[in-house]
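Heads up, the thing below is written out as structure tokens.
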Amino acid sequence: MLHLPRKMLYALEAVVDIAFNARPDPVQSKEVTKRQGIPLRYLEQVMQQLVHGGILKGVRGPRGGYRLARERRRITAGDVIRVISAAEVEEDTQIFASEIGRTVVGPLWEEAQAAMLAQLDAVTLEDLCQRALEKGEVESTADASHFEI
């Protein structure tokens with residue numbers, strides 16, 4: 001079964017957490033770790049990649065942390081996955097050793113990835129936040145469904 005690497009799943013969890021909790025102050029990494037159980041060593045790397053990728057904004061200072069760089073209805077799950085995936089591709093390039101790998105297996109894998117990204121592009125952070133509310137995973141605030149940055 002296909003699965004997303006842990007780092008990508010952590011990135012999605014962290015971004016949804018920030019979408020709910022970055023009002024009025026930015027969210028600190030240690031708060032996300034406490035709420036979501038994401039190891040801080042992974043989280044710091046993921047957050048920096050998301051800042052560089054334009055998903056999050058880093059806020060400096062004693063009350064600093066992270067905020068969404070855009071409205072949550074304008075960020076898709078696919079956007080988050082692409083940012084983390086781009087960093088991973090630099091570290092791990094897959095090279096097929098055989099002609100069958102290059103001409104048959106490689107293109108099949110690329111088609112599967114494209115289909116998965118198309119599905120992830122159809123889901124916004126707003127959608128994920130709404131799902132979390134429906135599942136009772138987070139508490140609703142008065143303006144949670146209408147949050148704009």
Side-chain angles (χ1 to χ4, degrees), residues 1-23 26-59 65-138 140-141 143-149:
M1 160 140 353
L2 282 177
H3 71 280
L4 291 176
R6 185 174 310 212
K7 204 177 212 183
M8 290 180 189
L9 296 173
Y10 286 159
L12 283 170
E13 289 178 60
V15 170
V16 172
D17 183 282
I18 290 167
F20 270 105
N21 296 297
R23 300 175 308 273
V27 175
Q28 295 182 345
S29 300
K30 63 184 177 182
E31 295 169 358
V32 176
T33 292
K34 186 177 176 182
R35 282 189 295 267
Q36 305 306 326
I38 301 170
L40 198 55
R41 65 188 173 99
Y42 279 106
L43 189 59
E44 288 294 344
Q45 293 174 358
V46 165
M47 299 295 229
Q48 288 304 309
Q49 290 170 351
L50 292 169
V51 167
H52 288 20
I55 303 294
L56 298 178
K57 279 196 260 186
V59 179
Y66 299 93
R67 289 197 164 123
L68 296 179
R70 304 187 299 267
E71 297 169 340
R72 63 189 194 184
R73 64 188 170 91
R74 298 192 185 277
I75 300 172
T76 69
D79 294 335
V80 174
I81 296 305
R82 279 185 188 86
V83 167
I84 302 303
S85 179
E88 298 299 310
V89 167
E90 292 174 6
E91 297 172 10
D92 181 32
T93 57
Q94 186 173 8
I95 300 170
F96 291 100
S98 71
E99 194 62 29
I100 288 176
R102 285 187 293 279
T103 61
V104 178
V105 177
L108 173 65
W109 185 245
E110 288 173 9
E111 289 172 23
Q113 287 179 317
M116 184 172 62
L117 282 172
Q119 182 69 33
L120 292 170
D121 284 338
V123 179
T124 65
L125 283 184
E126 181 68 36
D127 298 330
L128 293 175
C129 288
Q130 197 59 40
R131 289 180 190 183
L133 280 172
E134 290 167 4
K135 300 278 185 190
E137 295 298 323
V138 293
S140 177
T141 61
D143 64 347
S145 63
H146 304 308
F147 175 63
E148 304 280 331
I149 59 168

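Position 1 is the first residue of the sequence; numbering continues from there.
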Original post:
At their closest point, which heavy atom of Leu40 faces which heavy atom of Ser29, and how far apart are they?
Top reply: CD1-CB, 3.8 Å
Subject >> Thr76 side, atom OG1; Glu126 side, atom CD - distance, nearest 0.5 Å >> reply: 13.5 Å
**OP:** Indicate yes or no: does Asp17 engage Lys34 in a salt bridge with an N to O separation below 4.0 Å.
**Re:** no
**OP:** Determine, step by step, whether Val27 and Met47 satisfy the side chain to side chain contact (heavy atoms under 4.5 Å, CB included) criterion, reporting the C-alpha distance in whole Å, the side-chain angles of both residues, the deciding distance to 0.1 Å, and the verdict.
**Re:** CA-CA 11 Å; Val27 175; Met47 299 295 229; 5.8 Å; no
Original post:
Which distance, rounded to the nearest 0.5 Å, do you find between the CZ of Arg67 and the CZ of Arg23?
Top reply: 10.5 Å
Original post:
If you take all heavy atoms of Ile18 and Leu68, which pair is closest and at what distance?
Top reply: CG2-N, 4.0 Å
**OP:** Can you see which heavy atom on Ala11 is nearest to which on Val80, and at what distance?
**Re:** CB-CG1, 3.8 Å
**OP:** Determine which pairs satisfy salt bridge (charged side-chain N to carboxylate O under 4.0 Å, His left out) with at least one residue from residues 99-111, sequence neighbours left out, and list them in order.
**Re:** Glu99-Arg102
Subject >> Modelled atom types, side-chain donor and acceptor of Tyr66 and Gln48, under 3.5 Å >> reply: yes
Original post:
When rounded to the nearest 0.5 angstrom, what distance separates CD1 in Ile84 from CZ in Arg6?
Top reply: 15.0 Å
Original post:
Do Ile81 and Leu12 have side chains that get closer than 4.5 Å, going by heavy atoms?
Top reply: yes
**OP:** List the steps and the verdict of side chain to side chain contact (heavy atoms under 4.5 Å, CB included) for Tyr10 and Lys7.
**Re:** CA-CA 5 Å; Tyr10 286 159; Lys7 204 177 212 183; 5.5 Å; no
**OP:** Find the distance between CZ (Arg131) and CG (Leu133) and round it off to the nearest 0.5 Å.
**Re:** 12.5 Å
Subject >> Test salt bridge (Lys or Arg N to Asp or Glu O under 4.0 Å) applied to Asp79 and Arg70, Arg73, Arg74, the passing residue >> reply: Arg70
Subject >> Taking every non-hydrogen atom, the tightest pair across Phe20 and Ala132 >> reply: CE1-CB, 4.1 Å
Original post:
If you measure from NZ on Lys30 to CD on Glu44, what distance do you get to the nearest 0.5 Å?
Top reply: 11.0 Å
**OP:** Not counting sequence neighbours, which residues clear side-chain hydrogen bond (donor to acceptor under 3.5 Å, both in side chains) with Glu31? List them please.
**Re:** none
Subject >> Minimal non-hydrogen separation, Lys57 against Val51, with atom names >> reply: C-CG2, 4.3 Å
Original post:
About how many Å separate CG of Leu125 and CD1 of Ile75, when rounded to the nearest 0.5 Å?
Top reply: 5.0 Å
Subject >> Shortest non-hydrogen contact between Gln49 and Val83, atoms and distance >> reply: O-CG1, 3.2 Å
